[in-house]
2 protein chains.
Amino acid sequence: MMNVSIPPIRREMAEQARAYIDQLTKPPGSLGRLEDIAAELAGMTGELLPRVTPPGVLVFAADHGVAAEGVSAYPAEVTAQMVSNFANGGAAINAFSRHIGALLQVIDVGVAAPIADERVIQKKVRPGTNNFATMEAMTMSEAEQALHVGYEQAVSVIGQGGRTLIVGEMGIGNTTAASALLATLTDEPLERIVGKGSGIREERLAHKRDVIRRALLLHQPDPAKPIEWLAKIGGLEIAAMAGAMLAAAERRIPILLDGFICTVAALVARQFAPNVAEYMIAGHRSQELGHDIALRLLGKEPLLDLRMRLGEGSGAAVAFPLFVAATAMVNEMATFASAGISTGEEKGEKQA
Amino acid sequence: MMNVSIPPIRREMAEQARAYIDQLTKPPGSLGRLEDIAAELAGMTGELLPRVTPPGVLVFAADHGVAAEGVSAYPAEVTAQMVSNFANGGAAINAFSRHIGALLQVIDVGVAAPIADERVIQKKVRPGTNNFATMEAMTMSEAEQALHVGYEQAVSVIGQGGRTLIVGEMGIGNTTAASALLATLTDEPLERIVGKGSGIREERLAHKRDVIRRALLLHQPDPAKPIEWLAKIGGLEIAAMAGAMLAAAERRIPILLDGFICTVAALVARQFAPNVAEYMIAGHRSQELGHDIALRLLGKEPLLDLRMRLGEGSGAAVAFPLFVAATAMVNEMATFASAGISTGEEKGEKQA
């Protein structure tokens, strides 16, 4: 299995950042969570004044055999069509990536149809997974290859200058795989885990839960054996996302999480290296039903809550300007001393 | 009184925008509040594909005589010191404005000390208000002048190309004035309206409430006579902020609200022209106690909730990238038809 060595967070640097932030020309604590972000980024990067731009945005695309069960509102062909849309720059993640100056890369890690577009990075491990309702989604070797694709792609985008990692996905059927993975990590019932994905009706949602319930009985997947777990009920893009996160944390690059699929991929990464989660900040709360449970398992409170549920990395890209604001605060603001400003008599008091 | 004529929102354009947004390559509704923002901006501007950059950020500074009652954690001299900090580019609003490409202007509408810095726009109506604990804060003529300063400054920044208006403030003691104004608009008790401002202790908070209670008894201010109301218990910068909002709405320029003081200024503007509020979007929920009540009175749900409470326009500036994302969505995304993507069988269903 992948041999990653993730360094511990530099807690003393986070503390030093907090002390410095309290000297900036504003009442202590008055920039709220921006102050928390800045301190966390200092701990992750080991730098008092971290840089977070440009972000690297990796969008991994793959198909899911389980889509044949009719668990999605869209036909499976949409995965390949959306990959073309990414290549042409017409998807939400393209628009958002341009405005945050991101290094955006689209990777075919397992789209069923051939993708000939040279603007898409070709790393297909296999053309879609098997339908895990009836058989294992992939072999353990394929799961490991998909993890490696993600790992190597993150190494590459970091090598190109990426200072924050955002991972997104495209894959019709992937909320079904993500829900199945999540279900094995908690005692919560499927009624609280499995949501409407891209927008299915209630009857189809009941069917989606049944498909997952049967698959879990069939495979008895065990998250303590993460490669086998991924092989049985995972997805190629989910494995790649987890691998990318492991590479980022290993290099002290902060990870800004997107929504449901991405948070499940973060939980997958944690099964390989528990402290990878220390390098993660949750970008937004998705409307997808199971996201709250996934966030709670990961121990993260999201920054935004805008009723978004698109995926692709879109929620993280929309949250990224908060990283910019937090680092602008520490990098650019004057201190009370440098600006010659009187401090408050009660400056030590932080508002409740 | 100021003669403003605010056009009604173009509701049919907002509806047209919603219909167009549902054709973009994403499940309907999946970009949540970004879709709402885009539709609202279309209604405000009258343009299906609105532009919101660059934003104009106007920071109005003024002193408050009531600061002599010891209602703030900081001495009154900090107003002028912070104005220097704004001029030197060292405050939070400077850092955030740079990163959103804003046209930032700092206006002295009533700082007590002389401000000689040419980087500060000199529009002092008077050197600070009177202490409204014992006398009226200013004359009605001065309140009107301050409104006009704001109005003219917004006209100016819009003339320079500003496509969104953000108004911020600096004024030691201004949460006291804003709380007093807000208290006259609602039956809520002062215990739910008057907060800690820049961060005072509980004893001082009780004193701040007493000062406001006595001032309201003394002056019997009536919001139905808005110039008199402002003159009795208002602030010069609060009047200017309200005036700026009136000018923006008159020109169909969207207004992105900051925190507590700004939201009270929005309520002031509404006393002059009720439909000005249709041009406002609330940027964030401040930690200042009374902000929720002010937002409820205005009928706005804020975009961000990051425990910020700084003022200066900082919360609005941090929220501004959401306007950028919303307009990037409508301006740059492909439609299902243009991208040749299969639509969902259940595309009509929006997730609850």
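Each chain gets a letter, A, B and so on, in the order its sequence line appears, and its residues count up from 1. These numbers come from the heavy atoms of this one structure, side chains and all, not from hydrogens, waters or symmetry mates.
- At a 4.5 Å heavy-atom cutoff, the contact between A:Leu322 and chain B is made by side-chain atoms alone.
- Contact record, B:Thr25 with A:Ala91: OG1-CA, 4.1 Å, taken as the closest heavy-atom pair.
- Most heavy-atom pairs under 4.5 Å with chain B, from the set A:Glu312, A:His99, A:Met82: that is A:His99.
- Rounding to the nearest 0.5 Å gives a distance of 6.5 Å between CG of B:Leu306 and CG of A:Leu303.
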For A:Asp305 and B:Asp305: C-alpha separation, side-chain torsions, deciding distance, then whether side-chain contact (heavy atoms from CB on, under 4.5 Å) applies. CA-CA 8 Å; A:Asp305 190 352; B:Asp305 190 352; over 6 Å; no
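- Within the model, atoms CG of A:Leu310 and NZ of B:Lys26 stand 7.5 Å from one another, a figure rounded to the nearest 0.5 Å.
- With A:Gln81 contributing its side chain and B:Ser342 its backbone, the two residues share a donor-acceptor pair below 3.5 Å.
- Taking the charged nitrogens against the carboxylate oxygens, A:Asp36 and B:Arg307 do have a contact shorter than 4.0 Å, which makes a salt bridge.
- Contact of A:Leu304 with chain B is made through the side chain alone, with heavy-atom distances under 4.5 Å.
- Closest heavy-atom contact between A:Pro27 and B:Arg309: CB-NH1, 4.2 Å.
- Closest non-hydrogen pair, B:Phe96 versus A:Ala325, comes out as CE2-O, 3.3 Å.
- For chain B, the option among A:Ala319, A:Pro321, A:Ala92 with the highest count of heavy-atom pairs below 4.5 Å is A:Ala92.
- The closest donor-acceptor contact from the side chain of B:Gln287 to the backbone of A:Ser30 lies at 3.5 Å or more, if one exists at all.
- When each of B:Leu34, B:Ile100, B:Asn88 is scored by its heavy-atom pairs under 4.5 Å with chain A, the top score falls to B:Leu34.
- A:Ala95 approaches B:Glu332 most closely through the heavy-atom pair CA-OE1, 3.7 Å.
- When all heavy atoms of A:Pro28 and B:Tyr74 are compared, the closest pair comes out as CD-OH, 3.6 Å.
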